[in-house]
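For reference, the structure is listed below as structure tokens.
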Amino acid sequence: MAEIYRYKMIVEYDGGHFHGWQRQYNSLQGDLKTVQGALQSALFKITGQTVVVEGAGRTDAGVHATGQVAHFDLTTFYPAPRLGDALNFYVRTQGVVVLHIEQVALQFHARFSAISRTYQYHIINRRSPLALDNHRAWHVINKLDGEAMRDAAQHLIGHYDFSAFRAAECQGNSPFKTLTKFDIQWAGERIMATIQARSFLHHQVRIMMGTLKLIGEGKWTQEDLVKIRDEKQRKLAGPTAPAHGLYLVDVGYN
């Protein structure tokens, strides 16, 4: 029986180049361009082995990452630094970079071993169009009250039924999640939210941000947010914020 070598890597990517993390097949277009697909294709070119790259978070099309974690298994040993360099040779022109790679125990699993996931959501609040942050932040023209958004976000920290902030196509077994952090900072025209939980529902962060944006505009209040949370109906919450403002920045492990 061949020995198995497991590798863990931290990956950064521009989600605007991809149809999301998970490999997908379209009957008209064939294999869609995905982060998982790009990495698996590169590994096949390097090793000749067909492997599955398991990610900690299945980010949607347009969502970026600066700290995605993934693992894969090989039946041939490769020094980690050399393997990382080889991967970057193939994927860096596609909008993906391997930041770090190391060999780990077979018990490690990028998705199931994770105890926390941290996302950031970026808003640029100004009238003029975006140049540097185009497709990397949500451009909001109406003046936002960052303090009101921050205060309202505190009502989402804790263990709740987040059905109001759950996409219709969400396949999660339970709407209950525990948010351990929801911090909003602002400096000039930039507003940045940092949200942490063990796991999230589909589009949960983006729907929460779409709701908080309405509070920042003065259209809704903290009391409205609490009512939406407690009544657990998606139709009561705000719109789903654009994917390109969202970043997976960290995955925590014991």
Side-chain angles (χ1 to χ4, degrees), residues 1-15 17-24 31-61 63-120 171-173 177-181 194-202 204-205 246-254:
M1 184 175 178
E3 190 166 358
I4 297 175
Y5 304 92
R6 180 160 293 185
Y7 294 87
K8 169 189 174 185
M9 57 184 172
I10 300 174
V11 185
E12 176 181 274
Y13 51 85
D14 181 343
H17 293 291
F18 299 98
H19 290 270
W21 165 267
Q22 193 167 6
R23 190 169 185 179
Q24 303 173 52
D31 272 327
L32 299 177
K33 186 179 180 183
T34 64
V35 183
Q36 183 186 48
L39 291 166
Q40 290 178 176
S41 176
L43 282 166
F44 180 77
K45 292 174 182 176
I46 296 164
T47 69
Q49 299 179 38
T50 300
V51 302
V52 175
V53 178
E54 294 278 2
R58 297 175 180 176
T59 54
D60 291 332
V63 176
H64 312 294
T66 60
Q68 171 75 283
V69 176
H71 82 266
F72 58 91
D73 294 337
L74 297 175
T75 55
T76 304
F77 175 78
Y78 289 82
R82 187 182 305 171
L83 188 56
D85 289 343
L87 276 166
N88 282 331
F89 174 81
Y90 286 106
V91 301
R92 63 186 180 186
T93 59
Q94 302 179 56
V96 189
V97 171
V98 176
L99 299 175
H100 175 76
I101 188 167
E102 61 182 304
Q103 188 184 351
V104 293
L106 293 177
Q107 290 78 14
F108 174 82
H109 193 288
R111 182 181 177 193
F112 298 123
S113 299
I115 61 170
S116 69
R117 292 165 176 83
T118 303
Y119 285 87
Q120 288 183 345
Q171 298 178 353
N173 293 327
K177 297 293 176 183
T178 303
L179 267 62
T180 54
K181 182 176 184 178
T194 303
I195 308 101
Q196 185 179 80
R198 186 182 187 94
S199 62
F200 293 88
L201 300 168
H202 193 204
Q204 181 180 349
V205 173
L246 185 60
Y247 297 72
L248 174 58
V249 299
D250 185 69
V251 183
Y253 299 91
N254 282 327

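Every value quoted in this text rests on a predicted model; they were computed, and no experiment measured them. Count residues from 1 along the sequence. Both backbone and side-chain heavy atoms feed into the values below; hydrogens, waters and symmetry mates do not.
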Are the side chains of [Y] and [X] in contact, using a 4.5 Å heavy-atom criterion?
X: K8; Y: V69; answer: yes
X: V11; Y: V91; answer: no
X: W21; Y: V53; answer: yes
X: T118; Y: K181; answer: no
X: H202; Y: Q171; answer: no
X: D73; Y: V51; answer: no

Donor-acceptor under 3.5 Å ([X] side chain, [Y] main chain):
X: H64; Y: G15; result: yes
X: T180; Y: Q196; result: yes
X: R117; Y: R198; result: yes
X: Q68; Y: G57; result: yes
X: Y13; Y: F18; result: no

Could you state the interatomic distance from [atom1] ([X]) to [atom2] ([Y]), rounded to the nearest 0.5 Å?
X: L74; Y: L43; atom1: CG; atom2: CG; result: 6.5 Å
X: H19; Y: D60; atom1: NE2; atom2: CG; result: 13.0 Å
X: F108; Y: Y7; atom1: CZ; atom2: OH; result: 14.5 Å
X: Q36; Y: T59; atom1: CD; atom2: OG1; result: 10.5 Å
X: L32; Y: Q22; atom1: CG; atom2: CD; result: 11.5 Å
X: N88; Y: L99; atom1: CG; atom2: CG; result: 8.0 Å

Which atom of [X] lies closest to which atom of [Y], heavy atoms considered:
X: I46; Y: Y78; result: O-OH, 3.9 Å
X: I10; Y: G67; result: CG2-CA, 4.0 Å
X: A110; Y: A56; result: O-CB, 3.3 Å
X: Q94; Y: K33; result: O-NZ, 3.7 Å
X: S199; Y: K177; result: OG-NZ, 2.8 Å

Quiz item: With a 3.5 Å cut-off and no angle check, do the side chains of T76 and Q49 form a donor-acceptor pair?
Solution: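 The answer is yes; a qualifying pair exists.
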
Quiz prompt | M9, E54, Q40 screened by side chain to side chain contact (heavy atoms under 4.5 Å, CB included) with F72, the one that passes | solution = M9

Quiz prompt | Those residues that, when tested against E3, pass side chain to side chain donor-acceptor pair (under 3.5 Å) (two or more places apart) | solution = Y5

Practice problem: Taking side chain to side chain donor-acceptor pair (under 3.5 Å) as the test, write out the residues that go with T66, two or more places apart. | Solution: none

Exercise. Using a cut-off of 6.0 Å, state whether more than 12 heavy atoms not belonging to Y253 lie near its atom OH.
Key: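 Correct, the count exceeds 12.
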
Quiz item: When you look at R58 and R111, which way does the side chain to side chain contact (heavy atoms under 4.5 Å, CB included) test go after all the steps?
Solution: CA-CA 9 Å; R58 297 175 180 176; R111 182 181 177 193; 2.7 Å; yes

Quiz prompt | Residues that D250 engages under salt bridge (charged side-chain N to carboxylate O under 4.0 Å, His left out), provided they are two or more places apart | solution =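 Not a single residue meets the salt bridge (charged side-chain N to carboxylate O under 4.0 Å, His left out) criterion with D250.
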
